[in-house]
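Every chain is numbered from 1 and lettered A, B, ... according to where its sequence line falls, protein lines coming before strand lines.
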Protein chains: 2
Amino acid sequence: MLSIGELSRKTGVKVPTIRYYEQTGLLAAPERSGGNQRRYSTAELERLAFIKHARDLGLSIGDIRELLDLSAHPDRPCTDANRIAANHLATIRDKIARLQQLEAELDRIANGCHGERIENCYVIESLSNHALCKTPH
Amino acid sequence: MLSIGELSRKTGVKVPTIRYYEQTGLLAAPERSGGNQRRYSTAELERLAFIKHARDLGLSIGDIRELLDLSAHPDRPCTDANRIAANHLATIRDKIARLQQLEAELDRIANGCHGERIENCYVIESLSNHALCKTPH
DNA sequence: CCCTTTGTCTATAGTCCCTATAGGTATTGC
DNA sequence: GCAATACCTATAGGGACTATAGACAAAGGG
């Protein structure tokens, strides 16, 4: 059995975050030691590792909850799991596309300033006047 | 003079957000009508448009506060404004890079499932077992 | 002038996903 | 046996809003 600190070290999830997951029902309340401290089994370690991995991939807690529920039913079709993954992939691609637009515009703005003083600073000017922008955002 | 709703329509910033900005000191408290409603001048419209543009470009409220302070001092050097823009550009590039890593991994995961049931679903398997991953994240 | 609709007011709570703090108790290692 | 470390609960904070409730104001038509 692992203490919460050991579980934290093994998974890379911070101690308060583990307690927070328990509080919100993402993790079940674990066994307790004589002195009322949490004690975790290997199954719980695996569940948390799953959560951490999914969080690292950017999945929302809601999605993760759904995936965990699914994984408890090995005989169900895996269309839902695939849908969640595909949706998230689409979200990420969308985010990348939007960030790339921002990148282009910001590059132009950040490298377009050859002024010396705020008076004629292209950064300030560009923010003041949207019409100076070359790309949509 | 504009009402808060007109200001909202002209800038694309939602009414509660405008009130929130006022509350946090990003916008000064405007004049009031006889019936205690907010009335905005053109200067205030421009300030909010600046904020909106900067927010759309992903700048934090803190950065925007700094930029607004700077723009009130036309005679100062614009090194700080350039620094803020360059830092933000770097942050965005970093975000893009990390999202692209996630994209690669998620693409692999989301399109790697040829199972029918959760039992042998590659999505679930991949999340359970980090060792299956090909790229870091 | 009245009525209705739409807009605005304040104050407060909720969102997401944690993170930090305070004040106290357990466990561990020497 | 004791100090250092880890753990406990409960609560508040953070960033940037968003939503809600209950009440007052403004604008347009008859």
Side-chain angles (χ1 to χ4, degrees), chain A residues 1-40 44-45 48 50-68 84 87-88 91-92 95 98 102, chain B residues 1-27 29-40 44-45 47-48 50-68 84 87-88 91-92 95 98 102:
Chain A
M1 299 302 261
L2 303 166
S3 73
I4 198 169
E6 287 163 342
L7 182 67
S8 170
R9 255 167 275 129
K10 284 197 189 238
T11 57
V13 178
K14 288 184 190 150
V15 169
T17 306
I18 297 172
R19 289 198 275 248
Y20 165 76
Y21 285 166
E22 179 183 329
Q23 203 187 299
T24 58
L26 198 58
L27 292 176
E31 276 185 50
R32 296 281 178 143
S33 73
N36 198 35
Q37 299 192 354
R38 290 170 179 81
R39 290 294 177 265
Y40 294 92
E44 286 163 315
L45 167 69
L48 184 55
F50 182 104
I51 293 168
K52 168 77 161 118
H53 193 187
R55 283 299 291 144
D56 284 348
L57 285 166
L59 286 150
S60 71
I61 297 283
D63 280 350
I64 293 171
R65 212 179 280 273
E66 238 183 294
L67 287 168
L68 284 166
I84 291 170
N87 277 172
H88 185 56
T91 304
I92 285 184
K95 264 190 199 162
R98 279 188 294 112
L102 297 194
Chain B
M1 299 302 263
L2 304 166
S3 73
I4 199 168
E6 287 162 341
L7 183 66
S8 169
R9 255 167 273 127
K10 284 197 189 234
T11 56
V13 178
K14 288 183 190 151
V15 168
T17 305
I18 296 173
R19 289 198 274 249
Y20 166 76
Y21 285 167
E22 179 183 329
Q23 202 186 301
T24 59
L26 198 58
L27 292 176
E31 276 184 53
R32 296 283 178 142
S33 72
N36 197 35
Q37 299 192 353
R38 292 170 179 80
R39 290 294 177 265
Y40 295 91
E44 284 162 317
L45 167 68
R47 187 179 172 97
L48 184 55
F50 182 105
I51 294 168
K52 169 78 160 110
H53 193 185
R55 284 298 294 143
D56 284 349
L57 284 166
L59 286 151
S60 71
I61 297 284
D63 280 350
I64 294 170
R65 212 179 279 273
E66 239 183 293
L67 289 168
L68 285 166
I84 291 170
N87 277 171
H88 185 54
T91 304
I92 285 184
K95 262 191 201 162
R98 278 188 294 112
L102 295 194

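Residue whose closest nucleotide on DNA chain C sits further toward the 5' end, between I4(B) and Q23(B): I4(B).
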Write down the protein N/O and nucleotide N/O pairs, taken from nucleotides 20-25 of chain D, whose separation is under 3.5 Å; answer none if there are no such pairs.
unit_1  : atom_1 : unit_2 : atom_2 : d
dA25(D) : O4'    : Q37(B) : NE2    : 3.4

Polar-atom pairs under 3.5 Å, protein N or O versus N or O of nucleotides 16-18 of chain C: list them with distances, or write none.
unit_1  : atom_1 : unit_2 : atom_2 : d
dC17(C) : O3'    : R55(A) : NH2    : 3.3
dC18(C) : OP2    : Y21(A) : OH     : 3.0
dC18(C) : OP2    : R55(A) : NE     : 2.7
dC18(C) : OP2    : R55(A) : NH2    : 3.4

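When the P atom of dT8(C) is taken as reference, atom CZ of R32(B) falls 12 Å away, rounded to whole Å. What separates CE of M1(B) from P of dT8(C) is a distance of 14 Å, to the nearest Å. Between the CZ atom of R9(B) and the P atom of dT6(C) there is a distance of 13 Å, given to the nearest Å. Taking atom CG of L2(B) as the reference point, atom P of dT8(C) lies 11 Å away to the nearest angstrom. As rounded to whole Å, 13 Å separates atom C1' of dC17(D) from atom CG of L26(B). Computed from coordinates, the Y40(A) OH to dC8(D) C1' distance equals 12 Å when rounded to whole Å. Straight-line distance from the CD1 atom of I18(A) to the C1' atom of dT9(D): 16 Å, rounded to whole Å. dC8(D) atom C1' lies 17 Å from atom CD of E31(A), rounded to whole Å.
A distance of 12.0 Å separates CZ of R47(B) from OH of Y21(B), quoted to the nearest 0.5 Å.
The closest side-chain heavy-atom distance from L26(A) to L68(A) is below 4.5 Å. R19(A) is listed as a side-chain neighbour of V15(A), based on a closest heavy-atom distance under 4.5 Å.
Distance alone, capped at 3.5 Å, places no donor-acceptor pair between the H88(A) side chain and the D63(A) backbone. Checked by atom type and distance alone, the side chain of S8(A) never pairs as donor or acceptor with a backbone atom of I4(A) at under 3.5 Å.
The minimum heavy-atom distance between I18(B) and L7(B), with the atom names listed, is CD1-CD2, 4.0 Å. Looking at every heavy atom in both residues, D56(B) comes nearest to L102(A) through O-CD2, 3.5 Å.
The side chain of S3(B) places an N or O atom within less than 4.0 Å of a non-bridging phosphate oxygen (OP1 or OP2) of dT8(C). Of the side-chain N and O atoms in R19(A), none sit less than 4.0 angstrom from OP1 or OP2 of dT11(D).
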In a table with atom names and distances, give each donor-acceptor pair under 3.5 Å that connects a side chain of residues 30-38 of chain B to protein atoms at least two apart or in another chain.
unit_1 : atom_1 : unit_2 : atom_2 : d
R32(B) : NH1    : N36(B) : O      : 2.9
S33(B) : OG     : G35(B) : N      : 3.2
S33(B) : OG     : Q37(B) : N      : 3.0
R38(B) : NE     : E22(B) : OE1    : 2.7

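Checking dT18(D), dC7(D), dT9(D) against the side-chain heavy atoms of R38(A) singles out dT9(D) as nearest.
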Derivation and outcome, side chain to side chain contact (heavy atoms under 4.5 Å, CB included), residues I61(B) and T24(B) = CA-CA 10 Å; I61(B) 297 284; T24(B) 59; 5.6 Å; no
